[in-house]
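Only a predicted model underlies this, so the values are computations on that prediction, with no experimental measurement involved. Side chains included, hydrogens not; waters and symmetry mates left out as well; all remaining heavy atoms used.
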Amino acid sequence: MELLSGADMLIRALQDEGVEYIYGYPGGAALHIYDALFRQDKVKHILVRHEQAAVHMADGYARATGKPGTVLVTSGPGATNTITGIATAFMDSIPMVVLCGQVMSTLIGEDAFQETDMIGVSRPVVKHNMSVRRPQDIPEIIRKAFYIASTGRPGPVVVDIPKDMTSPNERYEYSYPKKVKLRSYNPAVRGHAGQIKKAVDMLLAAKRPVIFAGGGVILGKASEQLTELTRMLGYPITNTLMGIGCYPATDKQHLGWLGMHGTYEANMAMHHSDLILAVGARFDDRVTNATEKFCPGARIIHIDIDPASISKTVEADVPIVGPVDAVLKEMLSLVRESKARPDAEALAAWWKQIEEWRAFHGMRYETSPDVIKPQEVIELLWKLTNGDAYVASDVGQHQMFAAQYYKFDKPNRWINSGGLGTMGFGLPAAMGVKLTHPDAEVLCITGEGSIQMNIQELSTCKQYNLPVKIINLNNQALGMVKQWQDMNYESRHSQSYMESLPDFIKLAEAYGHVGIRIDRKEDLEPKLREALAMKDRLVFVDVYVDRFEHVYPMQVARGAMKDMWLSKTERV
């Protein structure tokens, strides 16, 4: 049996777990681990410039690959700097393991230098956390951490590691567990057969059905099964912000995404439906608006791996707890075997109504011969990349425009902070994607507020040659804050204008990259083409867009799904 130190066991466990990259930042409590990292070459370490960015990089990697991201930081401020990134992953159910150095176990509780109770601090925003008490337990703890992070409803797991647990002077027998058994943790492996049969009967009898897909479809790797079922039934489908790409956006059955800034046709179809098949969605407030007014005539079938998510905010008529891919496979088999078929006449009438809604709005917006509209930038990027890019976004108006006007036909391509809405997410998340997909086109859609929250990572991009393309939709304001102030506070723009901004072109060049400014409409397409043609360079494209543009549609606060603003002057 091989004898290894705690630090060497930790790194060997990561190797045995198949970890490709670890994103982190060193410090005193983690130095034994960093020394063990130095003495091997299988797990590659990426040195970020801020710990928050390490977690967002791991997050982007996880969203693009479906595999857990891995983070390593030191104790105290190093650990606490990860909290925003951990909370981001927690809200969106992203699998991740965060390894935090800690002061020596003999000093815990004595307010030692750089000591923080990371178990207590992280508890509200993790799926699970644990502390190493004995070095010989490290292989089992790491195996459990990755198992918990990646099974059931995924999420981040924090492992707190006191420095003396990784001492190079003490060695123990190393054996990596092949299986994990946790008495209190047994995720469902299939849905209830009777409930699935009942759901299929309801589906086939519906007159105005809508399939409603969430991020769980992508996390559960069920896009193929969802697409097959949707096309077999011929029903309309919509999705949440997190579910973008789970069904091809260019397909005629797709209504666009729904909710606060969803399409008119998706929101109207949901409101007037008589049956909703919800797959891997949690009925977030940004979807439902006022829950007491949500889809009053609809019966709801709700499929989710997490029993706590079912009937949490909206009551389900048919709850099905189980992995979405397994449940959808069973539903497909039952639909094929059933002698019943959807009511063709009712479905034709339903589609006729939906097409009228689609024709009425269809994501229209006003253009200008002189001013660049943000929607135009996104539409052009979609065209120039053939709709095949990975798009990481920050949070704000630019995020909504990107989600509305870039048509994603594949899962795992739309990388955004949905639940927590974390500004500063976009650039490091794009870096995590580019690192694992070096030949793919990776865009970061951002704004001048968000990009400055982690702009120091331009240095990391240079060190590791990560040629992402940053598209900064620059309206010289915190756009979504300003929009709310326009709509709800009589345009009293309290602290939403950024009156002092850097020269982003010079800043990009200072970090060793290329900067391109676009402030004339006639330059938009040629300069975007120029930026995208530089395959081996990071290009910061600073696009000056209409400062007064709003994101529409926009639901009326505390209304039903059908209550929307369609422009600054048009309300339905």
Assess whether atom NZ of K383 is packed by more than 12 heavy atoms of other residues, nucleotides or ligands within 6.0 Å. no
I need the single residue from E549, H398, Q397, M400 that forms a side chain to side chain contact (heavy atoms under 4.5 Å, CB included) with P374. Which is it? E549
Under 30°, 30 to 60°, or over 60°: which ring-plane class applies to F540 and F504, parallel, tilted or perpendicular? parallel
Aromatic centroids of Y34 and H45 separated by under 6.0 Å: yes
W414 side chain to F408 main-chain N or O, any donor-acceptor pair under 3.5 Å? no
Minimum side-chain heavy-atom gap F113-V103 below 4.5 Å: no
Between F425 and M453, does a side-chain contact (heavy atoms from CB on, under 4.5 Å) hold up when you go through it step by step? CA-CA 8 Å; F425 173 85; M453 291 199 172; over 6 Å; no
So does G259 get a backbone contact from the side chain of N267, meaning a donor-acceptor N/O pair under 3.5 Å? yes
Between E17 and V97, is there a side-chain heavy-atom distance shorter than 4.5 Å? no
State, with a plain yes or no, whether a side-chain heavy atom of K44 is found less than 4.5 Å away from one of E20. no
As a quick check of understanding, evaluate side-chain contact (heavy atoms from CB on, under 4.5 Å) for L241 and R286, giving each step before the final call. CA-CA 9 Å; L241 184 70; R286 289 291 172 113; over 6 Å; no
Kindly assign one of parallel, tilted or perpendicular to the pair Y21 and Y61, based on the angle between their ring planes and the thresholds 30° and 60°. perpendicular
Closest contact, heavy atoms only, A477 versus Y497: CB-CD2, 3.8 Å
Within-4.5 Å side-chain heavy-atom neighbours: Q463 and R49: yes
Gap between atom CG of D394 and atom SG of C444 - 0.5 Å precision: 5.5 Å
Y264 vs M363 side-chain heavy atoms within contact, under 4.5 Å: no
Ignoring hydrogens and geometry, is there a side-chain-to-backbone donor-acceptor pair from W484 to Y489 under 3.5 Å? no
Verify side-chain contact (heavy atoms from CB on, under 4.5 Å) between T116 and S75, making sure each step is shown before the conclusion. CA-CA 7 Å; T116 300; S75 64; over 6 Å; no
D486 versus H493: any side-chain heavy-atom pair under 4.5 Å? yes
All heavy atoms of S309 vs all of R153, minimum pair found to be OG-NH1, 3.0 Å
Could you tell me whether D388 and K410 have a side-chain N and a carboxylate O separated by less than 4.0 Å? yes
Which heavy atom of A145 sits nearest a heavy atom of V159, and at what distance? CB-CG2, 3.9 Å
I'd like to know if the side chain of Y406 pairs up with that of T385 as donor and acceptor (distance under 3.5 Å, no hydrogens or angles considered). yes
Measuring only between side-chain heavy atoms, which start at C-beta, is M242 closer than 4.5 Å to N416? yes
Interatomic distance, CD@E379 vs CD@Q404, rounded to 0.5 Å, equals 10.5 Å
Taking the ring of Y365 and the ring of Y405, is the distance between their centroids below 6.0 Å? yes
Determine whether a donor-acceptor pair (N or O, by modelled atom type, separation under 3.5 Å) exists between the side chain of Q40 and the backbone of L37. yes
Is the backbone N or O of E441 less than 3.5 Å from a side-chain atom of K469, with the two atoms forming a donor-acceptor pair by type? no
How far does CD of E51 sit from CG of L72, to the nearest 0.5 angstrom? 10.5 Å
Under 6.0 Å from the six-membered ring centre of F360 and within 45° of its axis: does the NZ or CZ of R364 meet both? yes
Heavy-atom count around E570 CD within 6.0 Å, excluding the residue itself: above 12? yes
Whether over 12 other heavy atoms sit under 6.0 Å from Y25 OH: no
So which of L258, I237, N239 actually passes side chain to side chain contact (heavy atoms under 4.5 Å, CB included) with F212? L258
For D92 and R63, what are the C-alpha separation, side-chain angles and deciding distance, and is it a salt bridge (charged side-chain N to carboxylate O under 4.0 Å, His left out)? CA-CA 10 Å; D92 290 344; R63 292 179 200 243; 3.0 Å; yes
Using modelled atom types and a 3.5 Å cut-off, is there a donor and acceptor pairing between side-chain atoms of T460 and backbone atoms of V48? no
With a 4.0 Å cut-off on N to O distance, would you call E525 and R529 a salt bridge? yes
Taking all heavy atoms of Q399 and all of S417, pick out the closest pair and write down the distance. NE2-O, 3.3 Å
Could you tell me which non-hydrogen atom of A53 sits nearest to which non-hydrogen atom of P428, and how far apart they are? O-CB, 3.5 Å
Distance-only, no hydrogens or angles: does the N474 side chain make a donor-acceptor pair with backbone N or O of E448 under 3.5 Å? no
Between the main-chain N or O of H50 and the side-chain N or O of E457, is there a donor-acceptor pair closer than 3.5 Å? yes
Quick one: OG1 on T80 to CG on D117, what's the gap to the nearest 0.5 Å? 12.0 Å
From CA spacing to verdict: side-chain contact (heavy atoms from CB on, under 4.5 Å), I33, I11: CA-CA 8 Å; I33 304 171; I11 301 306; 4.0 Å; yes
Check whether Q52 reaches the backbone of T84 with its side chain - one donor and one acceptor, N or O, closer than 3.5 Å. no
List the steps and the verdict of side-chain hydrogen bond (donor to acceptor under 3.5 Å, both in side chains) for T436 and T65. CA-CA 8 Å; T436 193; T65 65; 5.8 Å; no
Nearest-0.5 Å distance that lies between atom NZ in K407 and atom CH2 in W382: 8.0 Å
Is any side-chain heavy atom of D284 less than 4.5 Å from a side-chain heavy atom of T240? no
Please say whether more than 12 non-hydrogen atoms of neighbouring residues, nucleotides or ligands are located less than 6.0 Å from CH2 in W565. yes
Mind listing the closest non-hydrogen atom pair of E366 and K373 along with its distance? O-CE, 3.1 Å
Calculate, to the nearest 0.5 Å, the distance between atoms NE2 and NZ belonging to H513 and K462 respectively. 6.5 Å
Counting heavy atoms not belonging to D41, are there more than 12 under 6.0 Å from its CG? no
Just by modelled atom types, is the Y247 backbone N or O under 3.5 Å from a matching donor or acceptor in the S223 side chain? no
